[in-house]
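Below: the structure, in structure tokens.
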Amino acid sequence: MAPAIAKPLLSDLVAQSGQVPSSHIRPVGDRPDLDNVDHESGAGIPVIDLKQLDGPDRRKVVEAIGSACETDGFFMVKNHGIPEEVVEGMLRVAREFFHMPESERLKCYSDDPKKAIRLSTSFNVRTEKVSNWRDFLRLHCYPLESFIDQWPSNPPSFRQVVGTYSREARALALRLLEAISESLGLERGHMVSAMGRQAQHMAVNYYPPCPQPELTYGLPGHKDPNAITLLLQDGVSGLQVQRNGRWVAVNPVPDALVINIGDQIQALSNDRYKSVLHRVIVNSESERISVPTFYCPSPDAVIAPAGALVDGALHPLAYRPFTYQAYYDEFWNMGLQSASCLDRFRPNDQAV
């Protein structure tokens, strides 16, 4: 009998074997301690109502966003302005994509991280020693007209549905960046301007049920390298955020999106706002879909805080100026780990 051909995607590999492959089993000291997680609602992240962000109570909403960025690095938003049917359409077409036959999905497959549009698995299969329990479709989204024709053409509604969602997500990201600028005492357009021509991409993540979730991660603890992330998730829990040294479950809230600050806002705020460790755990019962939108500076944007945020002894310059391309290359070479890539960009007299 001919040997079985290795499946490049996790979902097909699991469907074939029904087991956790050895390639996905973490060393004993690097496994999720699923019994040592805070699940109480009081330990969760702030929920901010954006209804008045463009109304008379804008100041209060801006202050709430600033407080969440400073103390949590994560918050949820409701009344965010993305229509319910757009959100539901995005989740529906994501599920349809990952339920297509293997041969159809593999038309998009690549393990080349430089490709703007690709279906792959784990994080970086070329360099990592242990794989993560995830398949994902990576899509560059801005400018939309530069990329949409390269997106999958199946399911038939994919480009129209995902294109609409990506436009809405970008509009929300810009509103949040304006509020973050104001919360720091800067001009409303400062953060957007500091990011140059800007870039946007998303990952459509698929986490299959895992026979032994205690052995592996959907994604291990890491911080996001971009400016701001907008996370759409289905009703299945999986995201966890580190707070005071403990992992806190961020359970889905109906009609809310999860927002987190990435490393570039930490640098642009001169360390006032924090990019926070987070991870994804998996479960044995249900598949999980999540769609993070990553809003980024353009590769040639020089990342440096506004002069008003640098103040000699009280607030010295936290990081030497760098281009986003240089930062992203460094992040990608590091891989997903708990150490902060930003520490590599400290001024020489502050190097960690």
Side-chain angles (χ1 to χ4, degrees), residues 45-46 48 62-75 173-174 176-186 190-196 198-200 219 221-231 239 241-245 248 250 258-279 292-299 301-311 314-352:
I45 62 176
I48 299 175
V62 166
E63 288 173 356
I65 289 172
S67 176
C69 291
E70 189 169 4
T71 60
D72 295 275
F74 268 79
F75 55 97
L174 294 175
L176 291 169
L177 287 167
E178 289 178 348
I180 288 169
S181 295
E182 287 185 59
S183 72
L184 289 164
L186 304 173
H190 176 82
M191 286 295 175
V192 174
S193 176
M195 290 165 58
Q198 306 150 48
Q200 176 188 348
L219 286 172
H222 65 283
K223 300 178 181 181
D224 287 355
N226 51 294
I228 189 171
T229 302
L230 288 64
L231 178 69
L239 174 65
V241 175
Q242 192 168 81
R243 176 186 280 178
N244 300 322
V248 176
V250 181
V258 178
I259 310 298
N260 69 280
I261 296 308
D263 291 350
Q264 305 314 303
I265 293 295
Q266 180 167 332
L268 288 167
S269 70
N270 202 36
D271 258 0
R272 309 282 181 95
Y273 294 166
K274 301 298 184 184
S275 178
V276 174
L277 272 178
H278 53 288
R279 69 181 187 179
T293 292
F294 304 101
Y295 209 73
C296 317
S298 54
V302 177
I303 306 302
L309 301 179
V310 182
D311 175 19
L314 280 179
H315 300 103
L317 185 67
Y319 309 101
R320 64 182 187 271
F322 54 83
T323 64
Y324 183 59
Q325 184 67 63
Y327 188 88
Y328 196 77
D329 289 346
E330 191 75 19
F331 173 85
W332 192 262
N333 290 334
M334 279 181 62
L336 293 182
Q337 54 178 279
S338 57
S340 175
C341 185
L342 275 174
D343 287 338
R344 301 189 177 196
F345 293 85
R346 297 274 185 189
N348 292 335
D349 59 346
Q350 300 178 30
V352 175

Nearest-0.5 Å distance, [atom1] of residue [X] to [atom2] of residue [Y]:
X	Y	atom1	atom2	value
F331	S340	CZ	OG	10.0 Å
S183	Y273	OG	OH	2.5 Å
M195	N226	CE	CG	8.0 Å
L219	H278	CG	NE2	8.0 Å
L184	I65	CG	CD1	11.5 Å

Can you pull the salt bridge (charged side-chain N to carboxylate O under 4.0 Å, His left out) pairs that have at least one residue in residues 318-334, sequence neighbours excluded?
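Pairs touching residues 318-334 that pass the test: E330-R344.
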Counting N and O atoms only, with roles assigned by atom type, does the side chain of [X] sit under 3.5 Å from a partner on the main chain of [Y], one being a donor and the other an acceptor?
X	Y	answer
D224	I261	no
E70	R272	no
S181	L177	yes
H222	R279	no

Closest non-hydrogen atom pair, P225 against Q264
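Taking P225 first and Q264 second, the nearest heavy atoms are O-NE2, 2.7 Å.
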Flag the pair F345 / Y319 as yes when their ring centroid distance falls below 6.0 Å, and as no otherwise.
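Ring-ring flag for F345/Y319: false, centres at least 6.0 Å apart.
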Just to verify, which of T71, V258, V276, N260 counts as forming a side chain to side chain contact (heavy atoms under 4.5 Å, CB included) with I45?
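Output: one option passes, namely V258.
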